[in-house]
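Pasting a structure below so you can have a look.
All of these numbers come straight from a predicted model, not from anything done at the bench. Residue numbers count from 1 along this sequence. What's counted below: heavy atoms across the whole structure, side chains too, no hydrogens, waters or symmetry copies. We count ligands from 1, going down the list as the structure has it; atoms in each ligand are counted the same way.
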Amino acid sequence: MADSKVGCMVIGSGPGGYVAGIRLGQLAMDAVVVERDKPGGVCLNVGCIPSKALIHVAEQVEWIRNHAKGQGVNIEGLSIDGAAMQKWKTGITSKLTGGVTHLLRGNKVDYLAGTATFIGPNEVEVMTAEGPVRVHPETVIVSTGCHAIQVPGFEFTHDRVLNFRQALDLAEVPDDLVVVGGGVIGLELGTVYARLGSNVTVVEMMDCLLPGMDPDLVRPVARALKKRGVAVHLGAKAEGFDEPEGAGGQALVKVTTAKGALEIPADKVLVAVGFRPNSEGLGLDAAGVTIDSRGYIPVDDQCRTNVGTIYAVGDVTGPPFLAHRASRMGEVAAEVIAGHNVSMDDVRAMPAAVFTAPEIATVGLQEPEAKAEGRQVSVGRFPFLANGRALTLGDAQGMVKVVVDKESHKLLGVGIVGPGASELIAECALALEMDAYAEDIGFTVHAHPTLSEAVLEAAKSALGEAIHALN
Ligand SMILES: Cc1cc2nc3c(=O)[nH]c(=O)nc-3n(C[C@H](O)[C@H](O)[C@H](O)COP(=O)(O)OP(=O)(O)OC[C@H]3O[C@@H](n4cnc5c(N)ncnc54)[C@H](O)[C@@H]3O)c2cc1C
């Protein structure tokens with residue numbers, strides 16, 4: 001068994017781990033990234049990227065089916081080649097995961113394929129294909145991510161039951177899909193299959209979709225789901241399913257609601273009810289690292305755990321589960337290890353995007369939170385229906401909502417639901433980072449005709465000065 005020393009070991013190569021690795025390399029630190037699966041983590045392999053590839057295809061299919069003719073484009077004989085769609089998706093993920101190892105190598109960071117387990121705070125065993133390797137790192141960054149929660153009665157080993165990984169790999173579009181969980185992942189993937197032609201039913205235990213989000217932003221998404229024929233059962237619990245007698249039939253998913261019991265036919269059931277941290281079996285006990293009651297690793301604003309030489313970043317530290325948050329934490333941990341005085345508290349704006357149709361994106365304080373905090377705010381709204389570019393895209397659902405301090409007009413937050421929300425939020429994040437006021441956005445000339453004019457108008461609307469809407 002080989003024994004080696006290293007300055008910093010990063011465990012996990014998702015957007016938290018690989019970014020930490022690259023940054024360590026840039027700072028001339030001696031580092032190794034250990035990964036038990038493919039490089040790139042959930043994000044590149046089975047999360048952000050493949051889901052967005054399928055969302056793109058599904059959007060095109062829906063456009064061809066429902067909108068092309070009305071815009072003067074006749075397309076006959078549409079069909080979906082699931083195998084080709086999957087091949088395209090895998091091509092993208094392969095390019096990006098190849099990029100991760102290339103960047104690590106280019107920054108002189110070692111990559112070790114294997115499963116890491118702490119033996120002590122400064123000793124890690126990595127089980128590689130060739131056998132165990134003992135490494136003595138001076139510091140460690142834990143970035144091991146999360147896995148999907150399993151619901152009793154819906155074991156992921158059953159070929160009818162899908163977690164997010166399996167739902168991204170379907171080569172055939174199921175006729176009937178039941179989605180357990182009306183959160184981000186359930187609605188993103190449920191919308192993919194609804195657009196591709198599945199009858200989709202969403203079963204959500206809470207009394208709303210996308211719990212925790214501003215209801216004003218969720219409403220257009222709920223309306224669009226209904227328009228697509230997606231059935232939504234709120235305050236409903238999926239209890240399990242009965243298999244048909246004989247092969248080839250559909251299962252019946254048993255659901256209890258306040259109004260009584262339901263049986264919903266399903267070819268496949270996607271379970272998307274949340275995540276658990278990958279902190280078990282990591283030997284954190286041996287290293288002396290504390291975890292909380294849910295298994296997450298608590299960290300301070302410099303991503304340091306209770307053990308001074310061990311850091312943790314990304315999903316394993318708890319929500320929000322966002323790739324870009326994991327990456328920023330990875331950068332902060334690497335820089336702190338290199339002796340820089342940086343902190344996650346330096347980050348003022350952490351945007352979030354939900355790739356439903358329409359998309360939702362938020363940054364900063366939303367109206368319900370601001371009101372709950374008892375703040376005096378002005379809210380500017382601008383509907384995409386009044387935005388020329390949205391109309392030319394044939395997609396004018398939703399609005400931009402800008403929240404500012406009532407007296408000073410300082411920007412507090414922005415919520416967007418509608419076309420391009422995930423891109424438009426970047427300007428708002430920059431404005432928040434720069435301590436902008438509604439007047440700053442209102443004064444900035446935005447190119448015409450663009451969706452970004454809706455951000456401009458919403459900021460002006462907070463001042464009672466929107467041009468293309470009545471204030
Ligand atoms: C379907 C889906 C869509 C998503 N879409 C988005 C999106 O659009 N935008 C967004 O911001 N976020 C999105 N997310 C969330 C995003 O993927 C995560 O927030 C992000 O991947 C977290 O990064 P991480 O580095 O913390 O962990 P991960 O990406 O989970 O990486 C952890 C890595 O650690 C490895 N590992 C674990 N234990 C060990 C061990 N003992 N030894 C060695 N390696 C180990 C794992 O194999 C894994 O590769 C999505 C998630 C899913 C599931």
Side-chain angles (χ1 to χ4, degrees), residues 9-21 32-55 89 93 96-97 100 111-118 124-128 133 135 140-149 162-169 181 183-192 270-284 287 296-297 299 303 312-331 333 350-356 359-361 421-422 425:
M9 173 184 280
V10 182
I11 306 178
S13 71
Y18 84 75
V19 169
V32 60
V33 174
V34 182
E35 172 57 58
R36 67 179 179 190
D37 204 331
K38 292 186 193 149
V42 166
C43 174
L44 298 195
N45 292 289
V46 288
C48 320
I49 298 299
S51 63
K52 268 79 246 179
L54 297 188
I55 285 167
K89 180 203 81 178
T93 57
L96 291 172
T97 56
V100 166
Y111 180 85
L112 181 58
T115 301
T117 313
F118 281 99
V124 178
E125 182 175 283
V126 181
M127 185 52 75
T128 71
V133 179
V135 186
V140 179
I141 299 176
V142 180
S143 49
T144 49
C146 280
H147 60 273
I149 292 181
L162 311 170
N163 57 25
F164 63 84
R165 291 169 180 260
Q166 295 149 332
L168 291 167
D169 279 348
V184 174
I185 308 292
L187 293 195
E188 284 190 6
L189 296 180
T191 301
V192 165
L270 164 62
V271 178
V273 296
F275 297 96
R276 287 249 157 76
N278 294 328
S279 56
E280 252 177 55
L282 197 54
L284 290 172
Y296 295 115
I297 306 177
V299 289
C303 304
V313 303
D315 287 6
V316 76
T317 65
F321 302 127
L322 296 167
H324 43 278
R325 169 181 171 263
S327 296
R328 176 50 67 93
M329 290 180 87
E331 285 179 283
M350 186 59 72
V354 183
F355 293 78
T356 40
E359 293 178 354
I360 297 178
S422 58
I425 207 67

Proximity of I11 to ligand 1 by residue part, where a heavy atom lies under 4.0 Å: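 The answer is the side chain of I11.
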Selected option - heavy-atom contact closest to atom 30 (O) of ligand 1, from L168, N45, I55, V42: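 Nearest heavy atom to atom 30 (O) of ligand 1 lies in V42.
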Subset of ligand 1 atoms that lie under 4.0 Å from at least one heavy atom of K52: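 Result: 5 (N), 6 (C), 7 (C), 8 (O).
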For atom 13 (C) of ligand 1, the protein heavy atom that lies nearest, with its residue and separation: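 Protein heavy atom with the smallest distance to atom 13 (C) of ligand 1: C48 SG, 3.2 Å.
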contact_flag V316 ligand 1 heavy-atom lt 4.0 Å: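 Per 4.0 Å heavy-atom rule, V316 does not contact ligand 1.
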Closest to atom 32 (C) of ligand 1 among S13, S143, G41 (heavy-atom distance):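 Selected option, by shortest heavy-atom distance: S143.
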Side chain, backbone, both or neither: the part of L189 lying under 4.0 Å from ligand 1 by heavy atom: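 Answer for L189: neither.
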P15, P320, A116, G47: member with heavy atom nearest to atom 41 (N) of ligand 1: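 Considering heavy atoms of P15, P320, A116, G47, the nearest to atom 41 (N) of ligand 1 sits in A116.
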Which residue and heavy atom of the protein sit nearest atom 33 (C) of ligand 1, plus the separation: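 Its nearest protein heavy-atom neighbour is E35 OE1, 3.6 Å.
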For atom 51 (C) of ligand 1, closest protein heavy-atom neighbour: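 Answer, as residue, atom name and distance: I185 CD1, 3.9 Å.
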Between T317 and R325: side-chain donor-acceptor atoms closer than 3.5 Å: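 Side-chain D/A pair, T317 to R325: present.
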Ligand 1 contact by G114, heavy-atom criterion under 4.0 angstrom: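 A heavy atom of G114 does come that close to ligand 1.
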Residue pair D315 / Y296, side-chain heavy-atom distance below 4.5 Å: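 No, every pair of side-chain atoms sits at 4.5 Å or beyond.
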For F355, the ligand 1 atoms whose distance to one of its heavy atoms is below 4.0 Å: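 Ligand 1 atoms under the 4.0 Å threshold to F355: 8 (O).
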Nearest neighbour of atom 10 (C) of ligand 1 from the list A323, G12, A167, A352, on a heavy-atom basis: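 Of the listed residues, A323 has the closest heavy atom.
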